[in-house]
Each structure stands twice: as structure tokens, then as C-alpha cells.
Amino acid sequence: MFDELMRAIGDIIGAHGPAVNAAQSFAPSDYSIHFFLQIAVILFVCRVVGWMAKRFMGQPQVVGEMIAGVVLGPSLFGLFFPEIQAALFPQETRNMLYVGAQFGVGLYMFLVGTTLRLDHFRSKAKSAVGVSAAGIVAPFLLAAAITPMLLGIPGLFAEGLGQGGATLFMGACIALTAFPMLARIINERGLANTSLGTLALTAGAFDDAVSWCVLAIVLATFGAGPGVALLAIVGGLGFALFMLLVGRKLLVVLGRAVEAKGELTHALLAVVLMLYALSAFFMDAVGIHAVFGGFLLGVCMPRGLLTDEIKKKVEPLTVVFLLPMFFTYSGLNTQLTTVNSLSILAVAAGILLVSIAAKFGACWLAARLAGEDNRTAMGIGALMNARGLMELIIINIGLQKGIIGPTLFAIMVLMAIVTTVMAGPLFELVYGRKARADGRLGALEGEATEAEGRRDRDAAQPAS
């Protein structure tokens with residue numbers, strides 16, 4: 001009986017459905033069992049690694065969560081405990097995590113859009129255009145310079161991929177800014193309502209949109225057909241223009257309804273979520289990405305009680321519960337062990353240096369030419385240089401479509417991690433510390449707590 005009990009316990013996370021090209025397939029109950037266990041593990045690991053990143057590395061929670069995703073994947077957990085990792089995250093459940101990941105990251109970008117200050121953007125339009133252009137042109141020029149060398153190394157790109165397609169793909173990868181990651185860093189660093197934060201978010205959003213359109217062109221030239229590229233560019237641009245010119249006016253009715261009720265009722269919240277789902281669906285369907293649909297909807301939401309209520313009722317669950325699925329899904333597709341020789345490490349170092357020069361250097365120069373002071377320009381460059389998991393998304397597509405090989409995929413993962421980890425400390429070094437000392441930015445969470453403790457101790461001391 002004990003043996004049967006152990007067998008039954010061990011069979012809990014096994015497949016129980018009928019055979020479909022395997023000994024057994026997953027039944028509906030198998031998916032739910034895995035999902036609940038996966039969520040528990042994901043939340044635990046993300047909170048622990050996030051705390052460690054803040055405590056020992058001075059990184060925001062979001063960077064710790066990105067690292068936690070890689071920890072749970074084949075590069076660490078799967079390397080040392082492959083059977084346990086495979087049992088916890090079987091291939092059959094990846095699609096389930098993917099949907100939750102896209103829902104979460106898109107909803108978070110919707111929340112970020114509701115905080116975007118269009119008045120700041122208008123006041124910084126010249127700088128934003130210049131930074132966006134530099135963040136696109138420089139990466140593609142440098143990609144054109146290094147791609148011929150990369151094509152000469154076997155296994156980095158797919159056989160038969162021409163220099164033009166390889167250059168466009170590398171340029172898109174280098175031009176990316178970690179849009180969701182950038183948004184969380186901006187929020188956690190107290191930049192959400194500043195002109196610098198708005199400028200960086202706007203430039204990052206535009207750069208990412210261009211990168212996704214270029215990816216669509218690469219896919220079209222690689223066999224997906226020209227309709228893919230045309231649909232992405234025309235559909236994405238058309239939706240953006242519709243939301244900005246027409247959607248904003250239609251959404252005023254929703255804002256007035258919330259003001260009249262005095263709160264965001266359940267019925268009105270359902271309308272908001274439905275609009276979000278439709279926006280994410282459209283941008284996903286045309287081949288851009290769901291996050292841009294959510295972001296555009298958030299930008300067009302009327303400010304006031306509506307956005308305050310959305311933030312209060314939607315943000316906690318999104319940040320704590322949904323976003324960790326996004327980081328974990330990307331981490332599950334990351335295999336760093338393929339970077340295993342000095343020559344490949346040299347290639348990785350070269351790509352990293354080129355990527356930093358293309359984003360940090362170019363965006364800093366563009367901001368300076370647009371009239372920003374040196375400290376602000378360097379802060380913009382530091383933020384724009386982070387690539388995060390948007391990079392992982394685009395290179396995952398490249399790997400799945402056969403454009404790049406596992407080795408180049410691993411190299412680009414390393415580049416994404418390093419540029420993201422360095423973003424926070426570099427920003428504090430070149431801009432944040434001085435701005436906080438001047439009172440332009442509030443103290444970080446840990447600094448604020450320490451300052452309050454000093455004030456309390458000073459108040460408790462008797463006056464001399």
C-alpha cells in the first residue's frame with residue numbers, strides 16, 4: 001500500500017490523457033495541476049531572487065525577476081536538476097504559460113500608458129525624435145559593419161540566410177529597448193511623471209515598434225511572404241493613428257461615466273479589460289506585439305479618476321502575479337551553456353560592446369544635440385541601453401523561425417542580461433544620485449527608509 005501511495009503521489013504531475021503520438025497525453029486536469037504548482041514556484045523564486053537583487057546588487061525588483069526567469073530555465077535549474085525541471089515545466093504546458101505571460105506584460109504596459117505625460121512629450125518632442133532616430137540608425141549601421149564577420153562563423157545564422165536579412169535581424173536586436181523593463185525601472189526609480197522618464201519611454205516605444213516592423217520584413221524575406229511585413233507596418237501604424245485621433249475622443253465617455261459613479265464599478269472595469277484585450281489582440285494579430293496595443297490604449301485613456309481607479313484595482317495583481325509568468329516563460333527558452341569557448345566568448349564581448357555603443361552612445365549624443373544637459377543626456381542613454389526580455393522575445397522568434405542558431409541566441413541573451421543589469425547602477429551614477437540630492441527625484445525605497453530612521457533617531461535625542 002505504501003508503494004502504491006508513493007506511485008500515486010509521483011503520478012500527480014504525470015500525463016493522464018489518451019495517447020497522442022506518445023505513451024500518454026495531458027488531460028485538462030493535468031494542466032491545472034501543473035499551473036498551480038508552477039505559479040507557486042515562480043512567485044517564490046521571483047520574490048526571493050528579486051529581494052536578493054535589491055539587497056546585494058542594488059537592482060530593482062524587476063531585474064531580479066528577469067534573473068529568476070533564467071534561474072528557473074535550463075541554464076541553471078534544468079542544468080543541475082533536469083528531471084525535476086522537466087517534471088515541473090513540461091513542454092506541453094509552455095503554451096499555457098505563454099498566454100499568461102503575454103496577458104500580464106501587455107496589461108502592465110497598459111498601466112504604464114496611463115501614466116504617460118503627453119504634455120512632457122510635447123515639451124520634449126525635439127529630444128524624443130532625435131533620441132529615437134539615433135537609437136535606430138546607429139544600431140543598424142553597426143549591425144551592417146559586424147554582420148559579415150558573424151556570417152563567417154558557422155552555426156550563428158541559418159544556412160542560406162543572406163547578408164541583408166542577417167543585417168536587418170541584428171540591427172533590430174541591437175536597436176531594441178527593454179520597453180516593459182524600462183517602464184518598471186522608470187516607475188521604481190521615481191521617473192514616471194518626469195520629462196526624462198516620458199522621453200525615454202516614448203523613444204523606447206518607437207524604437208521597439210520599428211524593430212518589430214523590421215523583424216516582420218526579415219520574416220517576409222525568409223519565407224513568410226511580403227503580406228506579413230505589409231500587415232505589420234500598415235496595421236500597426238493604422239491602429240496607432242486611430243487610437244490617437246479617434247480613440248481618445250471615444251474614451252472620454254468612459255471617463256465621464258466613472259466620474260459620475262464616483263468609482264470604477266465592476267461593469268466599467270469589465271469594459272476597460274475588454275478594450276485592453278481587443279487592443280492587444282489587434283496588435284498581436286497584425287504581427288507587432290500585444291504590449292503595444294495595451295500601451296496605446298493606456299496612453300489614450302482620459303486622465304483623472306478613471307486612471308487612478310485602474311491603477312488601484314489592476315496594478316497589484318498585474319505586478320505581483322502576472323508579470324513573473326512573463327519572465328519565467330522567456331527564461332525557460334534560454335540556454336546559456338552553448339557559450340562554451342574563448343572564440344565564442346570573444347564574439348559575445350564584441351556584440352556587447354557594439355550594442356552599448358549603438359544605444360548608450362548614440363542616444364546620449366542625440367540628446368546633447370537636441371539641447372539636453374550632459375547629465376540628463378547620459379541618464380537617457382543609460383535607460384535606453386537596457387534591453388531585457390523584449391530582446392529575449394525577438395531572438396526567440398528568430399530561433400523558432402530558423403533565422404539564428406542556439407549559439408547566437410545564447411550570446412544575445414547574455415547581451416540582454418548585461419545591458420539590463422547595468423542600466424540601474426549606470427543611471428544612478430550619471431544622473432540619479434545628483435538629481436536626488438538636488439530634490440528633482442525622490443529617494444529610492446531603501447534610502448527613504450534609512451532617512452526616516454535617521455530623522456526618528458534625531459528627534460528622539462534631547463536637545464542640547
Side-chain angles (χ1 to χ4, degrees), residues 13-15 22 25-26 30-50 53 61-106 108 173 176 178 180-181 184 284 289-291 320-340 387-418 420-421:
I13 57 174
S25 64
F26 270 53
D30 296 326
Y31 288 102
S32 66
I33 289 173
H34 278 84
F35 179 76
F36 292 130
L37 183 58
Q38 287 171 357
I39 289 299
V41 172
I42 289 170
L43 292 178
F44 175 77
V45 174
C46 282
R47 299 315 296 182
V48 169
V49 178
Q61 174 74 24
V62 61
V63 174
E65 292 175 0
M66 181 188 76
I67 297 173
V70 177
V71 168
L72 286 170
S75 299
L76 192 61
F77 186 27
L79 181 64
F80 292 102
F81 307 99
E83 294 182 357
I84 299 176
Q85 202 262 359
L88 180 59
F89 296 104
Q91 189 65 40
E92 292 86 348
T93 66
R94 299 291 177 87
N95 289 342
M96 178 175 60
L97 271 181
Y98 174 81
V99 174
Q102 301 314 302
F103 180 76
V105 73
Y108 183 77
C173 290
L176 273 175
M181 191 77 68
R184 288 200 68 180
D284 233 357
H289 199 274
V291 296
V320 176
F321 182 76
L322 294 175
L323 272 186
M325 281 192 279
F326 171 72
F327 296 115
T328 301
Y329 178 81
S330 295
L332 290 174
N333 292 314
T334 302
Q335 178 58 273
L336 299 180
T337 55
T338 55
V339 185
N340 53 9
R387 287 171 180 84
L389 294 197
M390 289 300 284
E391 183 77 19
L392 295 185
I393 293 172
I394 197 170
I395 61 177
N396 267 290
I397 295 174
L399 184 66
Q400 293 163 7
K401 299 294 185 180
I403 298 173
I404 61 175
T407 302
L408 184 56
F409 177 83
I411 290 173
M412 301 306 287
V413 169
L414 287 173
M415 183 268 282
I417 292 175
V418 172
T420 304
V421 168

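The figures that follow rest on heavy atoms only: side chains count, while hydrogens, waters and symmetry mates do not.
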Looking only at heavy atoms, what is the nearest atom pair of [X] and [Y], with distance?
X: C173; Y: I395; result: SG-CG2, 3.8 Å
X: P324; Y: C46; result: CB-SG, 3.7 Å
X: L399; Y: G405; result: CD1-C, 3.8 Å

As an exercise, state the distance from [atom1] of [X] to [atom2] of [Y], rounded to the nearest 0.5 Å.
X: Y98; Y: F326; atom1: OH; atom2: CZ; result: 9.5 Å
X: L97; Y: Q102; atom1: CG; atom2: CD; result: 11.0 Å
X: T328; Y: I39; atom1: OG1; atom2: CD1; result: 8.0 Å
X: S32; Y: L37; atom1: OG; atom2: CG; result: 11.5 Å

Mind checking whether F35 and F321 have parallel, tilted or perpendicular rings, split at 30° and 60°?
-> perpendicular
Going by heavy atoms in the side chains, are [X] and [Y] under 4.5 Å from each other?
X: Q38; Y: P90; result: yes
X: M325; Y: Y329; result: no
X: H34; Y: E92; result: no
X: L76; Y: V70; result: no
X: L332; Y: Q85; result: yes
X: L322; Y: Y108; result: no

Would you check, one step at a time, whether the test side-chain contact (heavy atoms from CB on, under 4.5 Å) holds for F327 with L72?
-> CA-CA 10 Å; F327 296 115; L72 286 170; over 6 Å; no
So, does E391 use its side chain to make a donor-acceptor pair with the main chain of V413 at under 3.5 Å?
-> no
Kindly state each residue pair satisfying ring pair (Phe, Tyr, Trp, His ring centres under 6.0 Å) with at least one member in residues 64-92, sequence neighbours excluded.
-> none
Evaluate the side-chain contact (heavy atoms from CB on, under 4.5 Å) criterion for residues V49 and E65: first the C-alpha distance (whole Å), next the side-chain angles of each, then the deciding distance (0.1 Å), finally the verdict.
-> CA-CA 7 Å; V49 178; E65 292 175 0; over 6 Å; no
